[in-house]
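Let me begin by presenting the structure, written as structure tokens, before commenting on it.
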Amino acid sequence: MQRIFAKKFMVWIMSMSLLGTTLPSISYAGLIGTQALIENQQTDAPRARVEEFVARENVREQIIALGADPVEVQERLAALTADELRLIEQNIDNMPAGGILVIIGIVFVVLIILDLTGVVDIFK
Amino acid sequence: MRMHHCHIRPAGLIVVLVLLMSGGCANRHPGLETYLNNTSIPSGLELRDTPFFPQQEYQCGPAALATVLAASDISIKAEELTGKVYLPQRRGSLQLELVAATRRYGRLPYVIDGKLPAILSELSAGRPVLVLQNLGLAKYPFWHYAVVVGFDAPRKEIILRSGDQQRFIMSTHSFMRTWELAEYWAMVVLRPGELPDTPDESRYVHGIAALESIGQTDTAAIFYETALSLWPDNTIALFGAGNTAYALGDKKSAEVIYRRLLVRRPDHAAARNNLAFLLAGLGCIEAAIAELDKGLSIVDSEDPMRQHLLNTRTEILNTDVAARGTATSCPGSVTIPLPADVQPH
């Protein structure tokens with residue numbers, strides 16, 4: 001709850017500064033990073049930063065909801081580029097998550113046959 | 001019995017079943033030997049020294065990633081990767097998180113071409129290949145990560161570290177089917193400065209930039225050097241090499257590299273900006289402003305880069321005079337002396 005509030009608050013602050021209304025606008029000057037140039041963040045730096053911030057916070061919530069250790073999440077997110085964060089944010093439910101353990105057995109085959117023949121509906 | 005308690009076995013029966021149900025696709029994937037004609041790839045090899053991390057539960061992501069990281073000389077246990085890549089509720093790991101975690105160990109994750117020869121040539125170069133497989137059906141996927149460590153063309157076999165099997169053998173055909181269902185995704189882990197067997201310029205250089213962006217500056221610098229030895233005119237590699245040199249405190253090299261880039265691409269406004277910033281830091285204010293003005297003269301008035309250049313210009317001019325560096329020589333100009341009425345603090 002606190003985090004959601006913090007996120008909304010941050011977005012509000014950044015949006016305000018974007019509009020240049022109540023807060024002084026954020027100034028972007030100095031060295032341009034390689035990844036920033038690639039991701040075209042210069043085209044609209046303030047907006048890109050707000051979007052990246054929101055994507056990061058959304059992915060944080062998504063992977064914590066999927067059981068990721070909150071202590072580890074910060075560093076997990078830090079290793080992703082802004083583009084990758086956006087991809088995960090938008091597609092996480094459809095992305096493959098490899099994890100099946102391979103052991104000897106034919107249980108699965110039987111289950112598939114049962115499922116395909118409509119005897120059971122195991123994949124729900 | 002609930003599905004998530006089921007354990008499966010992919011080879012043999014499963015694959016036979018998959019093939020039966022997919023209506024047969026006997027000649028869809030050519031045999032292993034057809035890839036080996038007219039190449040330097042041997043007819044078989046196995047990277048026997050590749051470490052093995054038996055998979056715990058659903059954690060084939062950590063196990064497979066630990067395998068390829070350890071093969072690239074990283075001392076690691078699969079358990080320490082669990083917190084970095086595993087998603088308990090999905091009972092698996094995302095490809096992008098394997099890629100991201102690889103960066104954290106100072107290695108370059110490189111997704112290879114989705115073709116069997118790409119795997120074979122990486123193996124020939126001594127690198128095991130992490131692959132995503134779908135051991136189920138297109139409609140009922142069972143995603144699995146494994147590591148290809150060898151192949152045997154005469155026997156039409158692919159050899160993998162997979163799950164709790166140290167030496168899991170699949171027919172080429174079965175392997176190709178399960179890999180195809182995972183959209184032929186495969187990656188290798190590159191040590192600093194290493195190139196994949198058949199590098200794609202853009203993919204390689206973008207990978208380095210991502211590595212740089214997460215703070216692996218010195219590793220990225222080594223990779224940029226490799227990239228530039230192969231593609232000396234690559235603008236991203238030049239820009240990145242300049243930026244990493246700057247970040248590592250080697251302003252002299254950074255300046256040389258930015259200038260190299262600007263000779264090739266005089267319209268590279270970002271390089272002008274960074275060169276100007278660097279020059280200003282050396283106390284060469286006039287030269288810095290000259291670079292920015294060159295940049296501003298070519299940047300379209302609608303281009304947001306224009307605002308960045310203007311901001312940098314303002315910042316440079318507003319910098320406390322006393323805080324400016326003192327360069328002994330500035331390119332194409334003289335150092336602006338302190339005004340007589342300004343005393344350094």
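The chains referred to below are lettered A, B, ... by the order of the sequence lines, with proteins before strands, and numbering in each begins at 1.
Between A:Arg76 and B:Gly83, the shortest heavy-atom distance links the atoms NH1-O, 3.1 Å.
Ring-plane geometry between B:Phe223 and B:Tyr204 is classed as perpendicular, the angle between the planes exceeding 60 degrees on a 0 to 90 degree scale with a lower cut at 30.
When heavy atoms are compared at a cutoff of 4.5 Å, B:Thr82 approaches chain A solely by way of its backbone atoms N, CA, C and O. For a residue to count as touching a neighbouring chain, one of its non-hydrogen atoms must lie under 4.5 Å from one of that chain's; by this rule B:Val99 touches chain A with the side chain only. Both the backbone and the side chain of A:Ala68 have a heavy atom closer than 4.5 Å to some heavy atom of chain B. Residue B:Leu87 touches chain A through both its backbone and its side chain, counting heavy-atom pairs closer than 4.5 Å. The contact between B:Glu212 and chain A is made entirely by side chain atoms (from C-beta outward), counting heavy-atom distances below 4.5 Å.
Between chain A and the residues B:Glu97, B:Arg306, B:Arg104, B:Gln59, the most heavy-atom pairs under 4.5 angstrom are made by B:Arg104. Of the residues considered (B:Ser93, B:Gly61, B:Ser213), B:Ser93 shows the highest number of contacts with chain A, using heavy-atom pairs under 4.5 Å. If you tally non-hydrogen atom pairs under 4.5 Å between each of B:Tyr86, B:Tyr246, B:Trp143 and chain A, the highest count goes to B:Trp143.
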Using atom types as modelled, flag every donor-acceptor pair under 3.5 Å from a side chain in residues 87-98 of chain A to any protein atom, sequence neighbours excluded.
residue, atom, partner, partner atom, Å
A:Glu89, OE2, A:Asn58, ND2, 2.7
A:Asn91, ND2, A:Leu87, O, 3.2

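The side-chain hydrogen bond (donor to acceptor under 3.5 Å, both in side chains) test with A:Thr34 is passed by exactly one of B:Asn274, B:Asn243, B:Thr244: B:Asn243.
A distance-only check finds a donor-acceptor pair linking the side chain of B:Arg203 to the backbone of B:Val111 [under 3.5 Å].
We find the OG1-CG distance between A:Thr81 and B:Leu211 to be 11.5 Å, quoted to the nearest 0.5 Å.
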